[in-house]
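Note on naming: letters A, B, ... go to the chains in the order of the sequence lines (proteins, then strands), and numbering restarts at 1 for each one.
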Amino acid sequence: MSEIVEKQSYDFRAIEAKWLPFWEQDGTFVTNTADSRPKKYVCDMFPYPSGDLHMGHAEAFAIGDVPARYWRLRGYNVLHPIGWDSFGLPAENAAIKNNAHPAEWTYNNIETQAESFKRYGISVDWTRRLHTSDELYYRWTQWLFLRLYERGLAYRRNSPVNWCPSCQTVLANEQVVSGACERCGTPVTKKALNQWYFKITDYADRLLEDMAQLEGTWPERVLAMQRNWIGRSEGAHLDFPVDGGHTVTVFTTRPDTVFGATFFVVAADAELATELVTDEQSGELEAYREQLKSVSDIERQATDRKKTGVFLGVYATNPTTGARMPVYATDYVLADYGTGAVMGVPGQDQRDWEFATAFDLPIVRTVQPAADFEGEAYTGEGPAINSANAEISLDGMEVEEAKAKIIDWLDSKGAGRATVNYRLRDWLVSRQRFWGAPIPIIHCPDCGEVPVPEDQLPVTLPTDMRGEQLAPKGQSPLASNTDWVSVGCPVCGKPATRDTDTMDTFVDSSWYYIRYIDPKSTSEIFPTEQANQWLPVDQYVGGVEHAILHLLYSRFITKVLYDMDLVSFTEPFKALLNQGQVLNGGKAMSKSLGNGVDLGEQLEAYGVDAVRLTMVFASPPEDDVDWADVSPAASQKFLARAWRLAQDVTSARGTDPAAGASGLRSLTHRSIADAESLLGAQKYNVVVARLMELVNAARKEIDSGAGPADPAVREAAEVTAQLLSLVAPYTAEDMWQLLGHEASVANTAWPAYEEALLVQETITAVVQVKGKLRDKLEVPVDITEADLEAQALALPKIQRYIADDGGVRKVIVRAPKLVNVVTG
RNA sequence: GCCCGAAUGGCGGAAUUGGUAGACGCGCUCGACUCAAAAUCGAGUACCGAAAGGUGUGUGGGUUCGAGUCCCACUUCGGGUACCA
């Protein structure tokens, strides 16, 4: 018989089948929160259970698993949980279509995703799994609502709201994208409804200021988007007396231009217009409002639209000039920004200029534009002009000074004051749909709004509604379930009704990352002490589509919890990584384009590790990956090469590597050192590139160098298995076993590099002439500047350049790497 | 319009503090193996040029001995937001 043992080839299916049950039985990734080692909390934005996992999930989770596994090797106690954001409309729509209950669709999909997820080998603690649609969870969402209610942060108000005619529900401002529903793209209409709001505007300043904590660890663009969304602007409130005994306050960022206010405009759709209009003009106002109804939101947002409006028959008085200013209703003033009323200053505001031109109103400049200014309204810097009355003059002052001066003056008259205005509006949280957490409020004819007593939580959803019973009819389907709606008033006991709206699913997801600390608790929302120990999340990973929505809401809720003394931190996510999208052929995958790539098919064809490796290697984590540009087949090839390394090693486990090939050894140790800094900088793609170099070098050493018995080869293979485990856990685990280890590679210690092996004896110095590379020199690393200079100048090639170019003028030496000869 | 971000070979992308541009991979070319192909392995691959050499990191300028990297101006592309007073 031949001595040669038949070597097996890399078989990812067999490897997956072997290790998946191992991790589960071994409890490799279960986190013991009582463990005293320093902690790291890595959290991926939890998925919505819409069918099976897709390529986008595959990228996000592959990326998030890298720091989780790295920190685990570094000796941290790592918390890496998973759950499902399982309330929401798609389940309800599916239930209507299939004559089912939304829970069926939801929990079936969760099971499917969970199976795929396990197969995908992400190092999460399955014992902490949560679903926001579980009674166990939404009981606490309701509890949270009641705490906000107690603090006056949850309130009900009747006002025009965004209505999606297709989803048959209201939407928060954050969920309207260019006038259309964020979910389905249907143009949004306005509807007057009595709705629940969270008072996020109370936190506007803190949401803005606390961003200082996130600077540098959150993507700059996300911070910018939040800053814009909050839209802080400093200005003043000015009071204008209006005929009929009214005083109308406006918000302006340019109080210095008040002398130039020649007319007055209020939002046509605001109550204010009705209050101000004279009887003679009220017909015209109504006609104008009718006319506006036919203008879609999309049209309305076109900035080049002609200014329209209607005179209300009354005049306001300019407190600085005493001028009588006609009052108009218009649609270019927004009812829900500022006070819904604006002073018209055509000289300094382009929109006002256009309105003044259309209605033939006077235009007065109050800031002197530069001589070459050719525009209409002038919004720039310059000295004030035409801005004086008997008591005060701003003339000659620059804008900032004039602002301060006029605010002082108006303040002394009781006619104005400095103020800060925000673009952010309160968060509309009620939804007229079924599959969400019911709002825990009871409406009693005698007692009014009554919170559901805590011991009666959760207010559970009926389990017997299905199909058509869930169809949206302009109000929540729950309203038609009289058994469910009818309830005794908790205060007086008389017949009362439950609130039939459910909460926006963004309420569910605004606090789930804290619930992971103890997801099964029935006695409290989360244990405060442990939450303070584990949070904030050290690394949060998710798509940029939540730059405003989920992240703003989570920041808000965290601050509310802080104010309630339930947590000691004010920001939930210390660092944020926005992974890119997975594209195909330059475009987002979509059914309509027919360019979708099925994750299951990819996993079937190339294996989990190859798909994960491809995702990580393709580009920096925050960049998009175009599946048409990458090669999972090549990833698989690399994994086979790496795996074969482990198989080829013939030295025994524990062999001292000191006697091994020094070139390979120093590359191995440099790879470890570089991986540390690259992982810290989140350059995961480059870590993979370095690993490929290491595998190539080890291969060469086996085939045409010191051979498979060299201890340096074992060392390289072991380090490869450990580094590879961050991205390709199955292959790494199998390599580790082939190398003679019993326990999981995921729980080994990060390899320590030897400083001495990083130091090279010789180095290639470059020799430049006038900054251009002309020659190279192999020199000892500790060469003196003088020696290096002498050797460089002695090079024949360099001498030729010097001779041709008029001799040496100056020599720059940066030993041992560079010499630059300046000639002429 | 305003606010962010980006621009490097045929492609995805590398390049601590300014110091060898193009690591690693894909693709392509050639070669080995094969009856042949696939797979695998080896060699080459920024551009122009036969070579010597020259040119090169969106464009134009600047600072510097030296710029992908710093400064100024601009162009293009991507994203966000938009009658926000």
Side-chain angles (χ1 to χ4, degrees), chain A residues 9 177-179 219-229 231-233 235-236 250-255 257 265 267 300-305 307 330-334 336-345 348-352 354-355 379 421-425 544-545 547-548 613-614 617-620 622-635 637-638 640-641 674 677-678 681 683 685-696 699 703-704 763-776 809-814 817-824:
Chain A
S9 60
V177 178
S178 347
E220 183 47 47
R221 65 170 167 162
V222 174
L223 295 176
M225 281 161 76
Q226 293 217 357
R227 223 173 269 127
N228 291 341
W229 191 263
R232 180 189 153 102
S233 62
V250 302
F251 173 74
T252 177
T253 54
R254 293 296 302 275
T257 64
V265 260
R300 203 190 139 116
Q301 281 174 8
T303 42
D304 53 357
R305 239 177 102 237
K307 295 283 179 287
T330 177
D331 68 343
Y332 86 85
V333 173
L334 306 177
D336 50 2
Y337 182 76
T339 62
V342 170
M343 62 176 187
V345 190
Q348 270 70 231
D349 185 288
Q350 185 60 29
R351 296 153 302 178
D352 295 346
E354 286 160 19
F355 191 83
T379 55
N421 194 56
Y422 296 92
R423 211 188 75 117
L424 181 71
R425 322 273 160 80
V544 74
E545 64 275 15
I548 296 168
L613 184 80
T614 303
F617 180 55
S619 64
E622 59 275 12
D623 286 6
D624 291 346
V625 174
D626 193 330
W627 207 248
D629 291 340
V630 297
S631 171
S635 298
K637 205 168 88 180
F638 165 71
R641 258 168 91 76
D674 285 354
S677 57
L678 289 166
K683 292 178 182 177
N685 55 327
V686 189
V687 176
V688 174
R690 289 299 155 76
L691 202 46
M692 288 172 169
E693 288 180 89
L694 180 59
V695 169
N696 290 343
R699 181 81 259 152
D703 290 348
S704 52
I763 191 167
T764 308
V766 299
V767 184
Q768 299 176 331
V769 177
K770 281 174 57 184
K772 284 193 182 258
L773 175 70
R774 295 305 182 190
D775 210 346
K776 294 177 185 181
R809 188 161 52 141
K810 192 175 169 188
V811 183
I812 307 248
V813 185
R814 294 281 179 275
K817 284 171 74 176
L818 174 132
V819 176
N820 187 12
V821 182
V822 188
T823 54

Between A:R351 and A:K637, which residue's closest nucleotide on RNA chain B lies nearer the 5′ terminus?
A:K637
Using a cut-off of 4.0 Å on non-hydrogen atoms, how would the nucleic acid contact of A:D629 be classed: base, sugar-phosphate, or nothing?
sugar-phosphate
For B:G68, does the O4'-C1'-N9-C4 or O4'-C1'-N1-C2 angle fall within 90° of 0, making it syn, or is it anti?
anti
Expressed in whole Å, how much space separates the C1' atoms belonging to B:G62 and B:G66?
15 Å
Using whole Å, what does the distance between atom P of nucleotide B:C26 and atom CH2 of A:W627 come to?
15 Å
Intra- and interstrand pairs of RNA chain B - dot-bracket, Watson-Crick/G-U under 3.5 Å, | marks other strand
(((((((..(((......[....)))((((((.......))))))(((....)))..(((((..]....))))))))))))....
Take the protein atom CG of A:D624 and the nucleotide atom C1' of B:C11, then report the distance between them rounded to whole Å.
16 Å
Could you tell me how far B:U59 sits from B:G1 if I compare only their P atoms? Round to whole Å.
24 Å
At under 4.0 Å between heavy atoms, what does A:V822 touch on the DNA or RNA strands: base, sugar-phosphate, or nothing?
sugar-phosphate
When rounded to the nearest Å, what value does the distance between C1' atoms of B:G13 and B:A82 take?
35 Å
Taking the same atom, C1', in B:G12 and in B:U64, what whole-Å distance lies between them?
34 Å
Want to settle it: does A:I812 or A:L818 sit nearer the 5' end of RNA chain B, counting the closest nucleotide to each?
A:L818
What residues, two or more places apart in sequence or in another chain, satisfy ring-ring contact (aromatic ring centres under 6.0 Å, His included) together with A:F355?
A:F263, A:Y328, A:Y332, A:F359
A side-chain contact here means heavy atoms from C-beta on lying under 4.5 Å apart; do A:M343 and A:T257 qualify?
yes
A:E354/A:R351 salt bridge by N-O under 4.0 Å criterion
no
Quick one: label A:P620 by what it contacts on the DNA or RNA (base, sugar-phosphate, nothing), any heavy atom closer than 4.0 Å.
sugar-phosphate
Rounded to whole Å, CZ of A:R227 lies from P of B:C2 at a distance of 19 Å
What's the separation between atom CG in A:N421 and atom CZ in A:F251, rounded to the nearest 0.5 Å?
4.5 Å
C1' spacing across the pair B:G9 / B:U45, given as an integer number of angstrom
10 Å
How many Å lie between CD on A:E693 and C1' on B:A14, as a whole number?
10 Å
Between B:G42 and B:U8, how far is it from one C1' atom to the other, in whole Å?
29 Å
Short side-chain N/O contact to B:A85 OP1/OP2 from A:Y337, under 4.0 Å
yes
Would you check if A:V544 and A:R221 make a side-chain contact, meaning some heavy-atom pair closer than 4.5 Å?
yes
Is there side-chain contact between A:K307 and A:D352, with at least one heavy-atom pair below 4.5 Å?
no
Could you work out the separation of B:C26 and B:A14 based on their C1' atoms and round it to a whole Å?
15 Å
With heavy-atom distances below 4.5 Å as the criterion, would you say the side chains of A:V822 and A:R809 are in contact?
yes
So what does A:S233 hit on the nucleic acid, given a heavy-atom distance under 4.0 Å: a base, only sugar-phosphate, or nothing?
sugar-phosphate
In this structure, how many angstroms lie between the P atom of B:C24 and the CZ atom of A:R699, rounded?
18 Å
To the nearest Å, give me how far apart NZ (A:K683) and C1' (B:A14) are.
9 Å
A:T379 versus A:Q350: any side-chain heavy-atom pair under 4.5 Å?
no
NA contact type, A:D352, heavy-atom cut-off 4.0 Å: base, sugar-phosphate, or nothing?
nothing
Can a donor-acceptor pair be found between the side chains of A:N820 and A:R814 at a distance below 3.5 Å?
no
Distance below 4.0 Å between A:R423 side-chain N/O and B:C83 OP1 or OP2
no
Could you tell me whether A:R232 contacts a base, only the sugar-phosphate backbone, or nothing, with contacts defined as non-hydrogen atoms closer than 4.0 Å?
nothing
Whole-Å gap separating P (B:C26) and CG (A:N685)
15 Å
Separation of the P atoms in B:C28 and B:G22, to the nearest angstrom
24 Å
Has the side chain of A:Q768 got a donor or acceptor that lies under 3.5 Å from a partner of the other kind on the base of B:G19?
yes
Can you tell me the distance, in whole Å, between the CG atom of A:D674 and the P atom of B:C24?
14 Å
